[in-house]
Amino acid sequence: MDRLPLIHHRLLIDGERLPAAEGRTHETFNPATEELLAQFALADASDVDLAVRAARRALEAGPWSRATGAERARVLNRLADLLEREREDLVLLESLDAGKPLAATRRQDLPAAIECLRYYAGWADKLAGEVVPARPGALTYVRREPVGVVAAIVPWNFPLMNAVWKIAPALACGCTVVLKPAELTPLSALRLGELALEAGLPAGVLNVIPGLGTEAGQALVEHPGVDKIAFTGSPAVGKRIMATAAARCAKVSLELGGKSASIVLADADFEAAVRASASGIFFNAGQVCSAGSRLFVHRRIHDSFIDALSRRAGRLRMGDTRHAATTLGPLISRAQQQRVLAYVEAGTAEGAQCIQPPGEVPTQGFFVPPTIFAGARNDMRIAREEIFGPVATVIPFDDAEEAVAMANDSAYSLAAGLWTRDVCVAHALAHRLRAGTVWVNTFGPTSSQLPWGGLGGDSGVGRDLGRSALDAYTEPRVVWLQLSP
Ligand code: NAD
């Protein structure tokens, strides 16, 4: 398939492909070429209501919430099989819709989604409550029940992977789901919904409704039929969602932004640190919540680090994401491109040295060249605010204490990196870095087995992935059976 056929994509509600109630549609474009990819049905509040009601019926009537763990595992594994079968088409779909180089999507997005489905399939028949002997003469035990109807709201930077990070544990736990993908990247989620039906997921268990955040997203968050909101996106929207959910005390988990620091000590493996720092900020054109956008580099190696990082940046090639030579994709939209370019101007105006390697910037598509700010300070806007583009802010330091203090001086707390050959220093500093994940001598890997999330503030609350996500999608419920007076 060279490019997608221009077809009309419909909402998936209660196992049916439906047009939007008001008949509205929206368009999605290839951000690398600005070509129209597809028109899709655009959900509003009435579609949200239909989807939530379908999810509630499916939850209460079964069979999903009453299925055995083994049955749920079988469907999740079958869905993983189907993603493997459709791997190349999904890679293309995701690459075109989200502006990701094909090779990167093949290497990262699809394997991560498949691994996540299989990981939670493995948990589905191992979820157990516990007997807690609270009093003599009583049988007291805790059951672990599905939290209920889950609203999953996800962004555009890893549309399929982020959707699966929420859907896989929710389904493994017996919940039903209404998934709202970002309006900029609805295609892989719609395909995922179709494949889930083919895998044997009963109608209504997974509903997929692309819509605008301020309409469908807001209506979903406000809907009284939703038991839990699982959100990944920006801090501003996350805070608004939390405030809305507070009005009815709905459960919320928020995976929000990042301004991840990576500290390169003078004894670091220089080449490895440069290589990982380059991919840490330029992978997915910097549109990564954990992007290593603040690099603290020991002053002794700062200049040579900048040179080596700039050489790596100079080897990146922008262009059509279908071409094998393309290693740096565009930003998702014109608005995002303008926003990032404004930060580049701000960094220069604040007095950091702006380095952009010479090279062709395509005139079609929303490209921003790889950009490095040398000799920056931690109080500059380019060090404090999430840019979400291929822009590295490099800050020199003189001692590790100072670097840790600057790294922790941030509204964000999602992830951090540390480069040193001294294992004692590595452990000591890793424990002091304020981040949900600290990478030592690497930057960026995640695993379905490990919890992922921030420590509050602009990185959000709660965890995706790992065993932690099972707590997010289940409720402990107590039975106290008095055996003797
Ligand atoms: P965004 O907050 O604008 O949108 C995210 C989703 O929320 C979209 O589906 C959008 O339609 C929806 N939305 C928007 N307004 C809404 C509202 N009022 N009510 C309900 N839903 C609404 O975020 P974005 O710009 O699409 O994504 C980028 C952000 O996501 C960055 O801050 C990034 O760091 C963050 N992110 C975090 C993680 C993580 O794991 N922590 C992963 C990926 C992205």
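Counting convention: from 1, in listed order, for ligands and their atoms alike. Positions are given from 1, in the same order as the sequence printed here. The model shown is predicted, which means the values in this text are computed figures rather than measured ones.
The closest approach between any non-hydrogen atom of Pro235 and ligand 1 is below 4.0 Å. Using a 4.0 Å heavy-atom cutoff, Phe231 is listed among the residues neighbouring ligand 1.
The distance criterion of under 3.5 Å between nitrogen or oxygen atoms is not met by Thr214 with respect to ligand 1.
A salt bridge links Asp471 and Arg144; the closest N-O separation between the charged side-chain nitrogens and carboxylate oxygens is under 4.0 Å. Using a cut-off of 4.0 Å between Lys/Arg side-chain N and Asp/Glu carboxylate O, Arg334 and Glu34 are scored as salt-bridged. Using a 4.0 Å cut-off between charged nitrogen and carboxylate oxygen, Arg24 and Glu215 count as a salt-bridge pair. A salt bridge links Glu194 with Arg17: the closest approach of a Lys/Arg side-chain nitrogen to an acidic carboxylate oxygen falls below 4.0 angstrom. Under the 4.0 Å criterion applied to side-chain N and carboxylate O atoms, Asp227 and Lys251 are not assigned as salt-bridge partners. A salt bridge is defined here as a Lys NZ or Arg NE, NH1 or NH2 lying under 4.0 Å from an Asp or Glu carboxylate O, and Arg191 with Asp89 fails to meet this definition. Under a 4.0 Å N-O distance rule, the pair Glu84/Arg118 qualifies as a salt bridge. A salt bridge is absent between Glu16 and Arg10; no separation between the charged side-chain nitrogens and carboxylate oxygens falls under 4.0 Å.
The shortest contact between atom 27 (O) of ligand 1 and any protein heavy atom is with Pro155 CB, 3.4 Å. Nearest protein neighbour of atom 18 (N) of ligand 1, counting heavy atoms only, is Gln218 OE1, 3.2 Å. Considering only non-hydrogen protein atoms, atom 20 (C) of ligand 1 sits nearest to Gly217 C, 3.2 Å. When hydrogens are left out, the protein atom nearest atom 11 (O) of ligand 1 is Glu183 OE1, 2.6 Å; that is the closest non-hydrogen contact. Among protein heavy atoms, atom 25 (O) of ligand 1 sits closest to Trp156 NE1, 3.3 Å. Of the protein's non-hydrogen atoms, the one nearest atom 41 (N) of ligand 1 is Leu256 O, 2.8 Å. Ranking protein heavy atoms by distance to atom 40 (O) of ligand 1, first place goes to Trp452 NE1, 3.0 Å. Summary of contacts: the protein heavy atom closest to atom 9 (O) of ligand 1 is Val154 O, 2.8 Å.
At a heavy-atom distance under 4.0 Å, no atom of Asp464 approaches ligand 1. When non-hydrogen atoms are compared, ligand 1 lies under 4.0 Å from the side chain of Phe388 (C-beta onward) but not from its backbone. Contact annotation for Leu414 and ligand 1: only side-chain heavy atoms (C-beta onward) come within less than 4.0 Å of the ligand. Contacts of Glu386 with ligand 1, taken as heavy-atom pairs under 4.0 Å, involve the side chain alone. Contact annotation for Val288 and ligand 1: no heavy atom of the residue comes within less than 4.0 Å of the ligand.
The option from Asn157, Thr232, Ile153 that lies nearest to atom 5 (C) of ligand 1, judged by heavy atoms, is Thr232. When Pro186, Pro181, Cys289, Ser459 are checked for heavy-atom proximity to atom 38 (C) of ligand 1, Cys289 turns out nearest. The closest non-hydrogen atom to atom 17 (C) of ligand 1, taken over Ser290, Gly213, Gly460, comes from Gly213. Comparing Gly436, Ser234, Ala151 by heavy-atom distance to atom 3 (O) of ligand 1, the nearest is Ser234. Of the options Gly233, Gly211, Pro159, the smallest heavy-atom separation from atom 30 (O) of ligand 1 is shown by Gly233.
Relative ring orientation between Trp165 and Trp452 is described as perpendicular, the plane-to-plane angle rising above 60° on a 0-90° scale split at 30° and 60°.
For the residue pair Thr185 and Asp97, no side-chain donor N or O sits within less than 3.5 Å of a side-chain acceptor on the partner.
Side-chain rings of Phe388 and Trp156 approach one another, their centers coming within less than 6.0 Å.
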Subject >> Verdict with supporting geometry, Glu222 and Thr244, side-chain hydrogen bond (donor to acceptor under 3.5 Å, both in side chains) >> reply: CA-CA 7 Å; Glu222 288 170 355; Thr244 306; 5.4 Å; no

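Residue-environment remark: CZ (Arg384) exceeds the threshold of 12 foreign heavy atoms within 6.0 Å.
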